[in-house]
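The first residue in the sequence is number 1, and the count goes up from there.
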Amino acid sequence: MKTAVMTDTNSGISVKEGRELGVFVLPMPVLIGGASYTEGVDISSRQLFTALSQGVEASTSQPSPAAVTELWDGIFARGYEEIVHIPMTSGLSGSCESAMQLAQAYGGRVQVADNRRISLLQKASVLDAKYLADRGLSAAEVRARLEKNAWRAQVQKAFPKFKVRYEPLSCSISCHTGQNARGLAVMVLEQPMDGI
């Protein structure tokens with residue numbers, strides 16, 4: 001089965017880098033001063049930072065449903081049978097949920113993975129997905145692997161000599177990250193604290 005891997009530019013992967021990696025990348029919309037741009041197409045990070053330094057308002061929006069489905073249809077037209085779509089975490093945007101709703105019309109051929117990642121960790125998921133797809137796993141199998149909850153066990157395995165704890169985020173942080181966000185903090189303490 002020929003399975004494609006797709007993500008968005010929130011992963012830090014540009015469309016050009018995606019081509020080099022063999023993955024498909026959806027450029028995300030960026031709004032600057034009321035005008036709409038597309039990340040990596042007609043706006044760069046440098047241009048965004050210049051605008052921000054000049055006090056211009058900037059925000060983001062979800063990709064249009066048409067942009068998502070056009071890319072999916074283009075991928076299928078290239079001979080792929082399935083797609084694993086890895087958008088940014090649902091905790092920070094509605095684009096993941098929108099993609100899941102759109103995927104319903106594709107009869108299981110598009111699997112939207114929500115493993116609560118963004119930026120570098122989202123990119124790591126994309127690389128993992130590509131590795132798994134290249135080894136013959138189906139889109140559903142890749143999605144299941146990405147969404148499997150083995151986070152604490154993986155950290156403990158990576159740091160066997162250290163105590164690994166799981167703590168919920170504070171309300172002020174959770175307001176921005178949404179539910180099920182995860183992060184990793186490493187502390188070196190001069191003086192041991194109780195319970196740590």
Side-chain angles (χ1 to χ4, degrees), residues 1-31 36-43 59-151 153-154 177-182:
M1 177 144 318
K2 194 173 178 186
T3 302
V5 176
M6 174 186 160
T7 190
D8 56 46
T9 51
N10 289 304
S11 65
I13 302 174
S14 67
V15 173
K16 179 178 181 290
E17 184 183 5
R19 282 194 293 267
E20 295 166 359
L21 294 171
V23 300
F24 297 88
V25 180
L26 179 66
M28 294 297 286
V30 180
L31 306 173
S36 182
Y37 299 91
T38 307
E39 185 174 1
V41 176
D42 53 12
I43 187 74
S59 62
T60 60
S61 69
Q62 294 184 35
S64 70
V68 176
T69 57
E70 283 174 15
L71 184 52
W72 289 350
D73 293 341
I75 292 170
F76 287 128
R78 291 175 178 237
Y80 288 91
E81 299 168 73
E82 295 183 323
I83 299 170
V84 179
H85 180 174
I86 308 165
M88 70 182 290
T89 172
S90 62
L92 295 177
S93 170
S95 60
C96 184
E97 185 176 337
S98 295
M100 288 179 174
Q101 291 173 357
L102 293 170
Q104 292 175 6
Y106 286 78
R109 295 177 68 205
V110 176
Q111 296 286 318
V112 180
D114 182 16
N115 62 344
R116 313 291 186 178
R117 295 183 181 191
I118 192 167
S119 191
L120 185 59
L121 294 177
Q122 182 182 354
K123 182 176 183 175
S125 291
V126 172
L127 298 177
D128 285 346
K130 178 69 173 142
Y131 175 86
L132 295 170
D134 286 349
R135 275 143 189 83
L137 273 71
S138 71
E141 291 170 327
V142 173
R143 175 187 176 190
R145 289 268 189 108
L146 295 180
E147 292 181 346
K148 184 178 178 184
N149 185 8
W151 179 81
Q154 289 174 355
T177 63
Q179 295 182 13
N180 298 315
R182 291 179 176 86

Handout entry: Side-chain heavy atoms of Arg19 within contact of Val15, under 4.5 Å
Key = yes
Problem - Spacing of Gln101 atom CD and Cys96 atom SG [to the nearest 0.5 Å] - result: 10.5 Å
Practice task
Check whether more than 12 heavy atoms from other residues, nucleotides or ligands sit under 6.0 Å from atom NZ of Lys16, and answer yes or no.
Solution key: no
Handout entry: Under 3.5 Å: donor-acceptor pair, side chain of Thr9, backbone of Met28
Key = yes
Fill in the blank from the handout: What one should report as the nearest heavy-atom pair of Ala139 and Ile83 is CB-O, 3.8 Å
Problem - For Gly79 against Lys2, the heavy-atom pair lying closest together - result: O-CD, 3.7 Å
Completion exercise
Shortest non-hydrogen pair, Gln122 vs Pro87, comes out as NE2-C, 3.3 Å
Handout entry: Value rounded to 0.5 Å, distance of OG in Ser95 from CG in Leu26
Key = 8.5 Å
Fill in the blank from the handout: So CE of Met88 and OG1 of Thr60: to nearest 0.5 Å the spacing works out to 6.5 Å
Completion exercise
For Ala133 and Val5, the nearest pair of non-hydrogen atoms, with its separation, is CB-CG2, 4.1 Å
Handout entry: Value rounded to 0.5 Å, distance of CG in Leu71 from CE in Met6
Key = 4.0 Å
Completion exercise
Smallest heavy-atom separation, Ser14 atom then Val25 atom, equals O-CG2, 3.7 Å
Handout entry: Check: Val84 main-chain N/O paired with Gln111 side-chain donor or acceptor under 3.5 Å
Key = no
Problem - Lys/Arg-Asp/Glu bridge criterion (N-O < 4.0 Å) met for Arg145, Glu141 - result: no
Handout entry: Thr7 side chain to Ile86 backbone, donor-acceptor under 3.5 Å
Key = yes
Handout entry: Plane angle bin for Phe76 and Tyr106 - parallel if under 30°, tilted between 30 and 60°, otherwise perpendicular
Key = parallel
Exercise for the section: May I ask you to check whether over 12 heavy atoms, not counting those of Glu97, lie within 6.0 Å of atom CD? Expected result: no
Exercise for the section: Mind checking the OG1-CZ spacing from Thr3 to Arg109? Nearest 0.5 Å is all I need. Expected result: 10.5 Å
Handout entry: Leu102 to Pro65 - nearest heavy-atom pair and separation
Key = CD1-CA, 3.9 Å
Handout entry: Donor-acceptor under 3.5 Å (Arg143 side chain, Val112 main chain)
Key = yes
Problem - Distance, nearest 0.5 Å, that separates CH2 of Trp72 from OG1 of Thr69 - result: 7.5 Å
Practice task
Check for a donor-acceptor pair, side chain of Glu39 on one end and backbone N or O of Pro27 on the other, with a separation under 3.5 Å.
Solution key: no
